[in-house]
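Structure first, then comments.
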Amino acid sequence: MRIENPKIVAALPRLDVELRPRASLAGLTSLGIGGTTDLLRIKKHESIPGLLTLLDVNAVPHKFLGGGSNLLVEDDELPWVALQLARPVPEVVLEGNFAQVDAAADLGRAVTYCAKHDLGGMEGLIGVPGTVGGALRMNAGAYGMQIGSYVREVKLYRAANRKIEILRDNQISFEYRHTSFAPDDMMLAVKLELPSKPYREILQGIRICNEKRRSSQPLGQKSAGCIFKNPPGASAGRMIDELGLKGHSVGDARVSDRHANFFVNAGHATAKDMLGLISDVRERVHSAFGVDLENEVVVWNA
Ligand code: EPU
C-alpha cells in the first residue's frame, strides 16, 4: 500500500517518522517471504499516538513489524502499511540488576550486553532471532527459559485507548508462547530483572545452548523457527518426523531435513507455497495422531 495522502506525507517528518516507500517484506523477514508496502520507521515512542491517530483518521490500515523472525507475510502488494520502531542508541540501560531494554533491540545482542555486565538468566535465548519486542509479545523461550520470567515492567502503546502505558508484571500473563497482550498492543520497552552471574559462567551456558541448537536446527537456512507450537506433552517436530515428512515440500517451501518443525524457504518460496505446506502437514498430523497443531508462526494474510 502506498501512502499518497499529502497530509500524511507532510506530517511524518514532524513526527520523526521516516517513510520507506515500497519496502520488500521478504527482505525484512527471516523466511524471506512477503510482498511490498510502504514502511514507516518510528524514531520516537512519543510520536506513536499521533501517528496512529493520523493513520486511523485517514483510514490507512497498518501492522506492527518487529524483527520479522516469526512471521509469514502474504505475497504481492500488501493492503496495509508496516510500522517499525527504529533502533535507539543505547538499546539497553542497566541499573543494578535491572535492564531497561528498547523493544527494537536485537534480542541476542541485548542478552550478550547484559551477560557482559554479569547479568544472566537468559542464556538459552541468545540464539533466538528477532527483537526484544517480538520475544516479549510471544514470550519466546528455549532450553527451559522464557523471557516472561524476567519481566518486571512493559512500556507499550495500547491501541484500544490510544495511549502509551506501563504495565507491571502482575498485570501481564506469560504462558507457553503466549501472552495476555492484545493483538494491536505495540511493545515499546521492557524492564527486566536479571540474576547476577559471572560472565564466564553465563558464557558457558550460552555455549551449551548454542551447541544444542546448532546440532538440531537448520540455522543457516531461511526459516521462522518452529512453525507449530508443541501440543501439551508432545513434540510437533517428532510427530512430523515420524510421518516421514522431512524434505516434503510445496514449491520451494520445504520441511527441514534437520528439524521437522522448521519449514524452510529453499529458494524462492511464496507465502502460498508455505501456507500450502503448513496446511498439508497439519492435515497429515491430524489424521495420523488426532492432534490439531496450532501455528506458532504469525501469518499476515488477507
Ligand atoms: N525430534 C525429532 N525429530 C525432529 C525434531 C525433533 O524426533 O525432526 C525430537 C527430538 O529428538 C527431541 C524432541 O523431538 O526428542 C524435541 O525436540 P527439540 O529438543 O528440538 O525441541 P522442540 O520441542 O522441537 C522446542 C522449541 C524450540 C526450542 C527448543 C529448545 C517449540 C515449538 N519449539 O523445540 O523453539 O529452540 O525446544 O528449547 O516450543 C521456536 O519456538 O521457534 C523454537 C525453535
Side-chain angles (χ1 to χ4, degrees), residues 29-33 66-73 106-108 111 120-150 174-179 181 187 202 204-249 253-266 269 274-275 277-278 280-282 284-286 288-289 291-300:
T29 57
S30 58
L31 265 174
I33 294 176
S69 59
N70 188 39
L71 187 61
L72 171 56
V73 180
D106 174 79
L107 178 63
V111 175
M122 301 202 296
E123 290 83 337
L125 292 177
I126 202 161
V128 175
T131 58
V132 168
L136 192 60
R137 161 165 287 292
M138 65 171 293
N139 190 20
Y143 304 109
M145 51 201 79
Q146 51 181 26
I147 191 166
S149 316
Y150 302 100
F174 289 100
E175 291 151 43
Y176 166 65
R177 302 293 194 270
H178 180 78
T179 60
F181 298 117
M187 306 294 114
I202 302 175
Q204 238 172 345
I206 289 174
R207 285 201 181 114
I208 293 168
C209 294
N210 280 351
E211 189 42 49
K212 284 190 200 161
R213 191 174 270 115
R214 258 196 303 274
S215 66
S216 63
Q217 300 180 1
L219 299 188
Q221 287 178 281
K222 291 181 184 168
S223 82
C226 285
I227 283 286
F228 300 112
K229 292 183 186 180
N230 283 335
S235 158
R238 183 183 291 150
M239 289 191 282
I240 301 167
D241 193 1
E242 280 175 10
L243 294 176
L245 293 175
K246 279 183 169 167
H248 180 58
S249 56
R254 181 183 162 94
V255 178
S256 161
D257 295 314
R258 184 164 271 239
H259 193 300
N261 197 12
F262 279 65
F263 293 7
V264 300
N265 174 358
M274 196 53 81
L275 289 167
L277 185 62
I278 291 171
D280 183 27
V281 170
R282 182 184 281 118
R284 289 172 190 249
V285 167
H286 184 261
F289 299 99
V291 170
D292 278 321
L293 290 177
E294 190 189 333
N295 279 1
E296 177 176 309
V297 68
V298 174
V299 179
W300 282 356

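All values derive from a computational prediction rather than experimental measurement. When a ligand or atom number is given, it counts from 1 through the structure's own listing order. All values below were derived from every heavy atom in this structure, side-chain atoms included, with hydrogens, water molecules and symmetry-related copies excluded.
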### Message
Just to confirm my output: which protein heavy-atom neighbour is closest to atom 18 (P) of ligand 1, and how far is it?
### Response
H259 NE2, 4.0 Å
### Task
Please report which non-hydrogen protein atom sits nearest to atom 23 (O) of ligand 1, along with the residue it belongs to and the distance in Å to one decimal place.
N230 ND2, 2.7 Å
### Query
What atoms of ligand 1 come within less than 4.0 Å of a heavy atom belonging to G237?
3 (N), 4 (C), 5 (C), 8 (O)
#### Entry: R282 and N295: side chain donor to acceptor below 3.5 Å
yes
### Task
Give a yes or no on whether the backbone of P218 and the side-chain of S256 come within a donor-acceptor separation of less than 3.5 Å.
no
#### Entry: Atom indices of ligand 1, in the order listed, that fall short of 4.0 Å to a heavy atom of G225
42 (O)
### Query
In Å and rounded to the nearest 0.5 Å, what is the OG to NE2 distance from S235 to H259?
6.0 Å
### Query
When only distance counts, is S216 in polar contact with ligand 1, meaning an N/O pair under 3.5 Å?
no
### Query
Is K212 near ligand 1, meaning one of its heavy atoms is under 4.0 Å from it?
no
### V264 backbone acceptor or donor facing S223 side chain under 3.5 Å
no
### Message
Quick check on contacts: which atoms of ligand 1 are under 4.0 angstrom from a heavy atom of Q217?
### Response
28 (C), 36 (O), 44 (C)
### Query
Do any N or O atoms from the side chain of N139 and from the backbone of E175 form a donor-acceptor pair under 3.5 angstrom?
yes
### Close-contact set for ligand 1 against F262 heavy atoms, below 4.0 Å
44 (C)
### Message
To check your reading of the model: name the closest protein heavy atom to atom 11 (O) of ligand 1, its residue, and the distance in Å.
### Response
R238 NH2, 4.8 Å
### Message
For G141, is there any backbone N or O sitting under 3.5 Å from a side-chain donor or acceptor partner on R177?
### Response
yes
### Query
If every non-hydrogen atom of G237 is compared with every non-hydrogen atom of N230, which pair is closest and at what distance?
N-OD1, 4.5 Å
### Protein residue, atom and distance nearest to atom 40 (C) of ligand 1, heavy-atom basis
E296 OE2, 3.2 Å
### For atom 4 (C) of ligand 1, the option (of N261, D241, N70) bearing the nearest heavy atom
D241
### Query
Is the backbone of F174 close enough, under 3.5 Å, to the side chain of T179 for a donor and an acceptor to pair up by distance?
no
### Message
Is it the case that ligand 1 has an N or O less than 3.5 angstrom from some N or O of C226?
### Response
yes
### Query
In the protein, which heavy atom is nearest to atom 38 (O) of ligand 1, and how far is it?
Y143 N, 2.7 Å
### Message
Test of understanding: with ring pair (Phe, Tyr, Trp, His ring centres under 6.0 Å), list the residues that count as partners of F228, not counting sequence neighbours.
### Response
F263
### Query
Taking both backbone and side-chain atoms of R213, is any N or O found less than 3.5 Å from an N or O belonging to ligand 1?
no
### Query
Polar-atom distance check: K229 versus ligand 1, any N or O pair below 3.5 Å?
no
### Message
Using a 4.0 Å cutoff against the non-hydrogen atoms of S235, which atoms of ligand 1 qualify?
### Response
13 (C), 14 (O), 16 (C)
### Query
Would one find an N or O of A260, backbone or side chain, under 3.5 Å from an N or O of ligand 1?
yes
#### Entry: Heavy-atom closest pair, residues V299 and L275
CG1-CD2, 3.8 Å
#### Entry: Y176: numbered ligand 1 atoms lying under 4.0 Å from its heavy atoms
31 (C), 32 (C), 39 (O)
### Message
Measuring from non-hydrogen atoms of R177 to any atom of ligand 1, is the shortest distance under 4.0 Å?
### Response
yes
### Per-atom contact, atom 42 (O) of ligand 1, protein heavy atoms, under 4.0 angstrom
yes
### Query
Side chain of E123, backbone of G121: donor and acceptor closer than 3.5 Å?
yes
### Residue among V132, I126, V128, I202 satisfying side chain to side chain contact (heavy atoms under 4.5 Å, CB included) with V111
I126
### Task
Could you tell me whether the side chain of R284 and the main chain of I240 form a donor-acceptor pair under 3.5 Å?
no
### Message
So if I count the atoms of ligand 1 from 1 in the order they appear, which ones are less than 4.0 Å from some heavy atom of F228?
### Response
32 (C)
